[in-house]
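Proteins come first, then strands; the chains are lettered A, B, ... in the order of their sequence lines, and each starts at number 1. Keep in mind that the numbers below use all heavy atoms, side chains included, and drop hydrogens, waters and symmetry copies.
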Protein chains: 2
Amino acid sequence: MTEPSQTQIIRDLIDRLGRLSAAEEWNGPLNPSQFAALSYLARANRFSRAPSHVADYLATTRGTASQTLKALARKDMIEETRSEADKRSISYDVTTSGTELLSTSTGLDQVIGSLPGDIQNSLASSLKALVLTALHQRGGRSFGVCNTCRHHEKSKTGSYCRLLEVSLSAIDSTQICHEHAAQ
Amino acid sequence: MTEPSQTQIIRDLIDRLGRLSAAEEWNGPLNPSQFAALSYLARANRFSRAPSHVADYLATTRGTASQTLKALARKDMIEETRSEADKRSISYDVTTSGTELLSTSTGLDQVIGSLPGDIQNSLASSLKALVLTALHQRGGRSFGVCNTCRHHEKSKTGSYCRLLEVSLSAIDSTQICHEHAAQ
DNA sequence: CTCTAATAGTAGCGAGTCGAAACTATTGCA
DNA sequence: TGCAATAGTTTCGACTCGCTACTATTAGAG
């Protein structure tokens, strides 16, 4: 009977927290997947709000993500916008009711908030490192914040993305981008 | 458009890690719930391996836990033992194939293992604190390790539980107990 | 310039999860 | 003795999720 390793314990803790979090999210109009998708959309920039991006972010398939988004749209949490340039693609925007729902904090949020600030910071950075490495290992995208990207260019007049060759608003720059690449 | 709070970001990271972990666990004969239950049983002491304990640990219902355990038993990962003293209660033991399965480390385990040791420790303690507080808030049990319990008594001849009034083996003392109470 | 391959999204199926409620069996207590 | 509490199971319905097949659109090779 070998002692359980530290890694297994951490993995187990993550799993349990995920379950606790999921159990709480049900106490609203949304289920856990829908909540996660909504939360992502609220933090993603305008180039990263398509079903396929949500699928990548949530480590699921396009089919599943499509269903989740349709459900969110039915509940008036998001609104779809079809692109002019590429008639295949769709982008979703969070509605005001969606934003409102996201701003209500759950029990787990309060628990996290009750941790000392420095612990919160170290926790956030450790978890972020885990997610990035895990995603990298599985060949997925990293989904970092725009202004920390290799292609982000800051000038006096504003910001610019060298990859997509577009200028970026102040908001764009602080949001999550699916094209994000580490420096 | 308010900036997302640190707590929401942490919550989101936990959620994503849970999904990544769940996606990986499928690459075996077990689904995520079954894997979590098996992992718990392997670390729980002999007083804590009943369906109701698993239900408490996984923050689910007895009905759901019952299904999960039956599935595990069908797959020969665990074995049920009916109690003599109380004919209602059942205890599950992990089989050798179950132990074997648990010892194979997944991708996420490797990612966690690749973190520096001190980061692992601080991550484990932060997550543990979160789980404990969240469980407390929701009125659940804490499920700590036996020898850190208020009722644990260590003597020269061995250990003893003042609550259950039984003597404890060396293994018992290092396992998870559903009766665990903080000092 | 056309025809094929790749891409974005959706629909439907089937296996499985999960919670709620109803149910059986056993035990405890008044 | 009898009623309430407890342990576990079963069943049902709503939902998730991956898979496959499908449509529509776009890109690219020849």
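With rounding to whole Å, A/Lys87 atom NZ is found 19 Å from C/dA6 atom C1'. Regarding B/Phe35, its CZ atom lies at a distance of 18 Å from the C1' atom of C/dG16, rounded to whole Å. Atom CG in A/Leu58 sits about 10 Å away from atom P in D/dG18, given to the nearest Å. The distance between atom CG of B/Asp56 and atom C1' of C/dC18, rounded to the nearest whole Å, is 16 Å. Nucleotide C/dG16 holds its C1' atom 16 Å from the CG atom of B/Leu69, rounded to whole Å. Separating the CZ atom of B/Arg62 from the P atom of C/dA25 is a distance of 16 Å, rounded to the nearest angstrom.
Both A/Gly63 and A/Arg88 lie near DNA chain C, and the one whose nearest nucleotide falls closer to the 5' end is A/Arg88. Of the two residues contacting DNA chain D, namely A/Ala71 and A/Ala85, the nearest-nucleotide position lying further toward the 5' end is that of A/Ala71. Mapped onto DNA chain C by nearest heavy atom, A/Arg19 and A/Arg82 fall at different nucleotides, with A/Arg82 at the one closer to the 5' end. Where A/Thr68 and A/Glu84 each meet DNA chain D at their nearest nucleotide, the meeting point lying more 5' is that of A/Thr68.
One N or O on the side chain of A/Gln8 and one on the backbone of B/Leu102 form a donor-acceptor pair closer than 3.5 Å. In this structure, the side chain of A/Ser126 engages the main chain of A/Ser122 through a donor-acceptor pair within 3.5 Å. In this structure, the side chain of B/Ser173 does not engage the main chain of B/Asn147 through any donor-acceptor pair within 3.5 Å.
Closest to the side chain of A/Ile90, out of C/dG19, C/dG9, D/dC17, is C/dG9. Candidate nucleotides D/dC17, C/dT10, C/dG19 were compared by shortest atom distance to the side chain of A/Glu80, and C/dT10 ranks first. Of the candidate nucleotides D/dC17, D/dT9, D/dG8, D/dT9 has the atom nearest to the side chain of B/Tyr92. Relative to the side chain of B/Gln67, the nucleotides C/dT27, C/dG12, C/dC18 differ in distance, and C/dC18 lies closest. The side chain of A/Lys70 lies closest to C/dT10, out of D/dT26, C/dT10, D/dG18.
Not one side-chain nitrogen or oxygen of A/Ser33 sits closer than 4.0 Å to the OP1 or OP2 atom of D/dC15. Between A/Ser89 and the phosphate of D/dT25, there is no side-chain N or O to OP1/OP2 separation shorter than 4.0 Å. Distances shorter than 4.0 Å separate none of the side-chain N or O atoms of B/Ser66 from OP1 or OP2 on D/dT10.
Among the heavy atoms of the strands lying under 4.0 Å from A/Thr64 is at least one base atom, whether or not backbone atoms are also near. Using a 4.0 Å heavy-atom criterion, one finds that B/Ala50 contacts the sugar-phosphate atoms exclusively.
By the 30° and 60° cut-offs, the orientation of the rings of A/Phe143 relative to A/His178 is tilted.
Across every non-hydrogen atom of B/Cys146 and B/His180, the tightest pair is N-CD2, 4.4 Å.
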